[in-house]
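Sequence positions, counted from 1, serve as the residue numbers for this chain.
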Amino acid sequence: MKSRHLSSRSVIAVFLVLLVMFGFGFKLYDIEVVNNKFYTEQNSTAKTYTVPIEAARGEIVDRNGNPLVTNRRGNSIILNAAYFPPRSDNEARNTIILNLIKLFEKNGEEYVNNLPLILEGDSIVFTDDEKAVATMKSKDMFNLQNYATAQNCYDAMVELYGLENCDTQTALKIGGIRYELTRLLFSIENPVTIADDVSNETVAAIKEDSVSYLGADIEPIAYREYTDPELAPHILGTVRKINAEEYSKLKESGYGINDTIGESGIEAVMESDLRGIPGELTVTIDSEGNVSEKITKNPVQGNTVVLTIDKDLQRLAQEKLRDTCNEVSASSSAGAVVVESVNSGELLAAASYPTYNLNDYYDNYSDLMNNSRQPLWNRFALGLYAPGSTFKPMMACAALEEGIIDENTTFTCHGTWQYYDITFKCLNSNAHGRENVKQALRDSCNIFFYNVADRLKITKMNEYGSMFGLGEKTGVEINEASGVLAGLASAERYNRKWQMGDTIQSGIGQSDNLFTPLQLANYCATVANSGTRYELHFVKSVINTYDGSVAETGYTVAEELPISAGTFSIVKEGMRMVATSGAPASVFGRLDVDVACKTGTSQVRQNGRIVNNGFLITFAPYESPEISIASVIELAGSGTSTSEITSSIIDYYYSNNTDETPAQQTGVLLD
């Protein structure tokens with residue numbers, strides 16, 4: 001007869017079952033009896049969510065209050081998770097998205113698709129955006145290995161979003177929007193924009209059919225608008241949607257993943273002022289699923305940024321620069337011009353050519369990037385040029401101040417100058433005879449300045465060059481190049497040894513010397529005002545939208561040069577002689593304002609041949625300088641070619657800035 005005693009394993013099993021049942025019973029007792037009131041309240045409590053409301057960006061105006069960048073009201077289409085089907089219901093989500101895509105395509109709207117997959121023939125391939133492809137494969141998206149093919153990614157998308165019943169093209173369209181929802185962390189707190197700046201027809205269709213477009217909503221948006229989209233694009237800059245890297249850095253500062261951010265120019269550097277303060281929309285969902293919305297914090301528009309530039313002067317500078325470049329070579333020439341207030345460092349105008357239209361920037365971005373003339377390149381701030389003879393006023397200041405020469409010192413120019421075994425030539429091999437420093441500036445005599453360079457040496461030359469800010473950033477707010485002062489350091493950078501002949505070449509603005517037009521304008525301004533070098537700036541003031549207060553930028557002195565008034569007087573007299581009896585005299589003689597200037601030519605190699613760039617630095621009026629102008633025209637042949645630009649700018653400036661009509665203060669204009 002078998003034993004009726006239970007085994008130890010059976011006893012343990014029975015004990016565990018009883019323990020689990022006791023645990024469930026205890027929990028049930030806790031919920032139904034002990035904490036019944038708490039759980040009842042939790043079940044019936046409404047859930048609230050906070051959704052940010054984007055603030056309109058601040059406006060950008062010129063020094064006289066004329067609007068340059070404003071906002072216009074438009075509509076974007078967002079998906080709102082409070083009304084949209086849940087992630088688990090792929091079929092419902094895909095149906096609504098397909099309805100929206102058909103509506104967008106019918107009305108010619110562009111809609112979001114950042115999925116880096118396209119159909120070529122019968123094959124799925126990646127787009128050229130390697131970064132986007134890597135993001136798609138990441139664990140937060142499709143969670144695939146780095147070696148996954150485009151077809152692997154497509155298959156993962158189809159499975160994740162339930163697109164098995166769609167043809168390939170339709171699956172890519174729906175998948176593009178579904179991918180955007182995943183990428184931008186779609187939730188009640190974070191609606192996602194799927195179409196920007198849509199037509200009134202599209203808005204009406206979505207409002208009239210809330211079933212077919214369930215979860216789609218209209219969001220009023222302030223879009224950037226330009227009073228003249230071709231005016232000062234390299235200064236104003238562009239805006240775009242924030243990218244993932246920026247969002248990760250800025251989310252603690254209140255940025256959302258859908259926010260707009262300044263990409264370049266003033267839009268970027270003044271981002272904190274232009275952005276404004278986002279508002280808040282509180283969304284409440286009660287226990288029965290009813291949704292209510294209330295604005296609990298109104299957005300505040302960004303501050304107004306007042307620039308130092310004069311709108312009309314800027315337009316004139318751009319037009320004259322364009323015309324001159326096209327006269328030199330409509331297919332190859334380029335250039336820049338800068339106008340500065342010599343007693344403050346304010347930039348009154350700054351133009352680069354070729355240029356572009358801000359309205360077309362994103363639509364034509366690929367063409368602009370691939371354009372051989374580089375219209376996106378900011379030549380006045382980033383273009384580096386050998387300055388040629390515009391370097392000579394600085395050399396004259398250094399030589400006079402160091403006692404290498406005085407006002408009456410002369411050197412004889414025979415057209416050539418023998419330096420050991422090297423023969424250096426004057427411009428066009430001209431023989432100027434005996435010349436002092438003023439005459440040498442007038443005639444741009446290379447031989448005179450070869451002698452000066454030989455006596456000064458490169459270290460002392462660079463000491464003075466640095467005083468004038470050459471080869472250094474000017475302090476301007478937007479992105480700029482540092483430039484290069486020729487010397488031992490530059491030679492080492494280019495993996496060569498500095499030779500004595502390099503010092504001689506450097507003395508006339510050749511060798512490794514490379515400066516921006518901004519630096520040349522500021523250097524000229526420092527000569528004009530007799531030794532005060534200011535930091536350059538585009539921002540004149542900021543007007544607070546909330547309380548109307550005005551924060552003036554003011555001016556910053558970068559350096560007071562230890563150079564005597566007598567030295568500057570001699571050099572300026574020489575520059576005045578260039579304007580009265582030098583090459584530009586016929587142009588400047590027509591002006592009602594006395595000016596002083598220095599031309600320059602530098603040789604560059606283009607397509608295997610030697611060509612010349614033309615430069616001109618000018619200040620006016622001669623007796624009491626107010627503005628300096630620097631211009632460069634690539635392939636111009638000589639600096640004289642740029643004198644018409646400078647003449648037009650001076651004529652405009654003094655025709656529109658008279659004692660009878662003094663400029664108003666910014667705060668008054670904008671009250």
Side-chain angles (χ1 to χ4, degrees), residues 385-420 422-468 470-471 485-487 498-515 520 523-524 527 563 567-568 570-578 582-583 596-603 612-617 638-639:
Y385 299 93
S389 294
T390 59
F391 196 65
K392 290 172 180 175
M394 186 282 293
M395 289 291 293
C397 285
L400 287 164
E401 200 64 20
E402 290 297 313
I404 299 297
I405 61 171
D406 61 27
E407 183 176 3
N408 299 311
T409 301
T410 61
F411 295 108
T412 302
C413 171
H414 297 291
T416 61
W417 186 65
Q418 196 67 30
Y419 185 74
Y420 296 96
I422 307 172
T423 301
F424 290 100
K425 295 182 180 181
C426 203
L427 185 64
N428 299 321
S429 298
N430 289 333
H432 296 114
R434 297 186 66 81
E435 293 210 318
N436 61 30
V437 64
K438 294 178 189 176
Q439 295 165 332
L441 286 169
R442 178 196 63 195
D443 298 331
S444 203
C445 180
N446 287 348
I447 304 304
F448 185 96
F449 287 98
Y450 289 149
N451 279 279
V452 167
D454 186 37
R455 287 158 174 77
L456 272 174
K457 309 304 181 189
I458 193 63
T459 300
K460 187 59 67 173
M461 288 161 55
N462 285 351
E463 180 183 323
Y464 279 84
S466 293
M467 287 184 196
F468 283 98
L470 298 173
L485 265 175
W498 185 259
Q499 305 289 339
M500 290 186 295
D502 292 320
T503 298
I504 306 304
Q505 287 281 54
S506 180
I508 62 166
Q510 296 283 354
S511 184
D512 296 334
N513 284 312
L514 294 171
F515 311 135
L520 292 176
Y523 147 56
C524 182
V527 173
I563 297 176
T567 289
F568 279 118
I570 293 167
V571 172
K572 286 192 278 189
E573 285 179 36
M575 294 177 69
R576 173 64 180 152
M577 290 166 65
V578 178
C597 66
K598 184 68 193 81
T599 57
T601 304
S602 66
Q603 291 185 338
N612 292 333
N613 293 332
F615 301 84
L616 184 65
I617 57 173
S638 71

Please check if the side chain of Thr409 supplies one atom and the backbone of Asp406 the other of a donor-acceptor pair under 3.5 Å. yes
Would you call the rings of Phe411 and Phe448 parallel, tilted or perpendicular, taking 30° and 60° as the class edges? perpendicular
Take the angle between the ring planes of Phe615 and Tyr385 and call it parallel below 30°, perpendicular above 60°, tilted in between. perpendicular
Just how far is it from atom [atom1] of [X] to atom [atom2] of [Y], taken to the nearest 0.5 Å?
X: Ile508; Y: Cys426; atom1: CD1; atom2: SG; result: 8.5 Å
X: Ile617; Y: Cys597; atom1: CD1; atom2: SG; result: 8.5 Å
X: Cys413; Y: Tyr450; atom1: SG; atom2: OH; result: 9.5 Å
X: Met577; Y: Gln439; atom1: CE; atom2: CD; result: 5.5 Å
X: Thr503; Y: Leu456; atom1: OG1; atom2: CG; result: 10.5 Å
X: His432; Y: Arg442; atom1: NE2; atom2: CZ; result: 8.5 Å

Looking only at heavy atoms, what is the nearest atom pair of [X] and [Y], with distance?
X: Asn462; Y: Ala486; result: ND2-O, 2.8 Å
X: Leu520; Y: Leu470; result: CD2-CD2, 4.5 Å
X: Arg434; Y: Thr412; result: NH1-OG1, 3.1 Å
X: Gly465; Y: Met394; result: N-SD, 3.7 Å
X: Phe449; Y: Gly507; result: CB-O, 4.1 Å
X: Glu407; Y: Asn436; result: O-CB, 3.6 Å

Checking Leu400 against Ile405 for the side-chain contact (heavy atoms from CB on, under 4.5 Å) test, could you report, in this order, the C-alpha distance in whole Å, the side-chain angles of both residues, the deciding distance, and whether it holds? CA-CA 5 Å; Leu400 287 164; Ile405 61 171; 3.9 Å; yes
Side chains of Thr410 and Glu435: do they bring a donor and an acceptor to under 3.5 Å? no
Side chains of Glu401 and Tyr464: is there a donor and an acceptor less than 3.5 Å apart? no
Is any side-chain heavy atom of [X] closer than 4.5 Å to a side-chain heavy atom of [Y]?
X: Phe568; Y: Ile563; value: yes
X: Cys397; Y: Phe468; value: yes
X: Met461; Y: Leu485; value: no
X: Ser506; Y: Asn513; value: yes
X: Ile504; Y: Asp454; value: yes
X: Asn446; Y: Lys425; value: no
X: Phe391; Y: Gln510; value: no
X: Lys392; Y: Ser444; value: yes

Flag the pair Arg576 and Glu573 as a salt bridge only when some basic side-chain nitrogen lies within less than 4.0 angstrom of an acidic carboxylate oxygen. no
